[in-house]
Amino acid sequence: MSYMYPIIKADYLQRTRSYSFLITLAVTIFMAYSFIPDQNANYTTLSASGYKGVYNSAWVGYVSGIMTTVMLTYFGFLLVNSGIKKDIDTEVGLIIATTPISNFKYLLSKQLSNYLVLLTIAGITFCVSIMVFFYRGTGYPFILGNFIFPYLFFAVPALFVVAALAVTAEVFLGKRSILQFIIYFALCGICMGFINSKEGAETAGVFDPFGLSLLTKSVTQHINTHFNEHLTKVSFGFIFSDHKSDKPFIWEGLDWSALFIGSRLLWIAFGFALVYFSSLFFHRFDFKQAAGTKKKIKELFSTAALKPMIKPIGINRTSLPALNFNYGIYPFVKTEFLLLIRQGNQWMWLLNAGLWVAICFVPLQIAYSYLLPILLFLQVTRWSELATKEKSNRVHYFAYAAYKPLQRMLPAQVIAGVILAIGLSLPVIIRCALAGSGDVVFNIINGLTFIVLSAVALGILTGGKKLFEVFFFLLTYAVLNKVPVTDYLGSLPHQRMELLMLNILGINVALAIISLMTRRYQARHL
């Protein structure tokens, strides 16, 4: 612990003292408040086919606990999957590699620091859920155990596994961030599908890392018993529809079994096993040069040793080509666009091309509502570094000192990002234009601009890319689940589509102003 504790403390403080973490906490508080909607709200988070639970302590505590678990399981991975990468970028890992700490203890330190960050967010939602109960409660007594136990048996084990998976992904996939996201979210999707297919004794929740199956089974059994229904499942998530006519029922919580509690300990042990397995393959910051590079260097030195010393000659200024100055914005746009195209692994463009071709041939509604948001999300790592790469590569001193950086470089980054977004969305844009839907084309371009400006604004404000990655994931998740208020592309039917698009246009103007003013302040206060 003499070596592990400083690593855990330093990593935890570094994460929690950042502006992005503070903004994440603000978003978390808002989300925790929305987990228990108002009685007259047009959405619910747990729907049982015409029935809704009254807001007693059991319903508020359990629904808030399970929603926190699922939410942090999904987007918490994006928050904590860069602990090892930071040590590589800052070269702190080279110092750590010289200490007696073992690979397992180092990775365990990173996993525990990830875990503490996620527990901090879960603790905030726990406090908010109690306040929501007193604010929206309907006169039922407050029972503290109905709030503690859901977080203890749902969130605590699940987040431990998430923190371990973040470390494992960094060890085996390294800087392939988008591949980490794809594999992790695929695992979460498979896990959710596996939970929904459970029957019989397995629905006790032993094989469920979320604990969702245990909760949904208890609710359906309660309704079937007391109202003579035959429900098989309940809907979970932000479900927008008119629930004012739903029948209320009183649900008193779960009876915790020793088998379920033991399964939570097994999931924690599984997290430890993942970290230990990863330590067997951890590189320990030993990045050796390729054999071909070493061979070339060796040949260079051997050749230089055999040849006589050549006297250097002075540089003749007249023999150099004439300098050509170009103060336009086009070279910046071209450079930024090439950086976006060449960023990351080139094989990802095979996946992008496959989705792009599929968008050309599948039904327009499927391409517009599902495939296009997924294709745009696959570019999250490209857009997240659009306005942060100068600082991450330590060249912002030169960039901010260039000729008119606010009028040339910043607009060039936005234009390059929008050009990439339009190129990816071109099949949908052309198909909508051929169908005579000019307003839909405007909605798409307006939404694409919103994504790029969000990446630029959040990157400039926080100095990092994590907040935008989390925001874009939550936005894409909501769009795929057809949450109307998050439909930035205008793919869902709305009664007030024009108002929504005007709001997005206003947000785009505000984001552009915020980005310009913040970058101006940064350039003047280096």
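Quick caveat: nothing in here was measured; it's all calculated off a predicted structure.
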Exercise for the section: Give a yes or no on whether the backbone of Ala387 and the side-chain of Arg519 come within a donor-acceptor separation of less than 3.5 Å. Expected result: yes

Problem - Backbone N/O of Ile341 and side chain of Trp349: donor-acceptor pair under 3.5 Å - result: yes

Exercise for the section: Any salt bridge (charged side-chain N to carboxylate O under 4.0 Å, His left out) involving residues 420-434? Give me the pairs, sequence neighbours left out, ordered by first then second residue. Expected result: none

Problem - Pairs satisfying salt bridge (charged side-chain N to carboxylate O under 4.0 Å, His left out), at least one member in residues 453-467, at least two apart - result: Glu385-Lys465, Lys466-Glu469

Would you please name every residue forming a salt bridge (charged side-chain N to carboxylate O under 4.0 Å, His left out) with [X], sequence neighbours left out?
X      : result
Lys389 : Glu336
Arg408 : none
Lys85  : Asp89
Asp11  : Arg15, Lys110

Between [atom1] of [X] and [atom2] of [Y], what distance do you get to the nearest 0.5 Å?
X      : Y      : atom1 : atom2 : value
Leu108 : Ser278 : CG    : OG    : 11.5 Å
Ile429 : Ser437 : CD1   : OG    : 12.5 Å
Leu505 : Leu500 : CG    : CG    : 11.5 Å
Thr125 : Ile29  : OG1   : CD1   : 10.0 Å
Ser64  : Phe126 : OG    : CZ    : 9.0 Å
Leu119 : Leu72  : CG    : CG    : 9.0 Å

Could you list the residues that satisfy ring pair (Phe, Tyr, Trp, His ring centres under 6.0 Å) with [X], not counting sequence neighbours?
X      : value
Phe281 : Phe172, Phe277
Tyr106 : Phe282, Phe285
Tyr184 : Phe77

State, to 0.1 Å, how close [X] and [Y] come at their nearest heavy-atom pair, and which atoms those are.
X      : Y      : value
Thr518 : Ile514 : OG1-O, 2.7 Å
Ile8   : Ser109 : CG1-O, 3.5 Å
Ile183 : Leu173 : CD1-CD1, 4.0 Å
Trp383 : Leu376 : CZ3-O, 3.3 Å
Ala122 : Tyr151 : O-CE2, 3.7 Å
Ala367 : Pro373 : O-CD, 4.5 Å

Is there a donor-acceptor contact under 3.5 Å linking the side chains of [X] and [Y]?
X      : Y      : value
Gln413 : Glu390 : yes
Thr120 : Tyr12  : yes
Asn81  : Glu170 : no

Are the side chains of [Y] and [X] in contact, using a 4.5 Å heavy-atom criterion?
X      : Y      : value
Val362 : Leu371 : yes
Thr381 : Gln180 : no
Ile451 : Leu475 : yes

Fill in the blank from the handout: Applied to residues 433-485, the ring-ring contact (aromatic ring centres under 6.0 Å, His included) test, sequence neighbours excluded, yields Tyr74-Tyr477, Phe185-Phe473, Phe377-Phe472, Phe468-Phe472

Practice task
Evaluate whether atom NZ of Lys334 has more than 12 neighbouring non-hydrogen atoms of other residues, nucleotides or ligands under 6.0 angstrom away.
Solution key: no

Practice task
Using a cut-off of 6.0 Å, state whether more than 12 heavy atoms not belonging to Arg520 lie near its atom CZ.
Solution key: no

Fill in the blank from the handout: Residue pairs passing the side chain to side chain donor-acceptor pair (under 3.5 Å) test with at least one member in residues 443-456, sequence neighbours excluded, are Asn446-Asn508

Problem - Partner set under side-chain contact (heavy atoms from CB on, under 4.5 Å) for Ala478, not counting sequence neighbours - result: Val483, Thr486

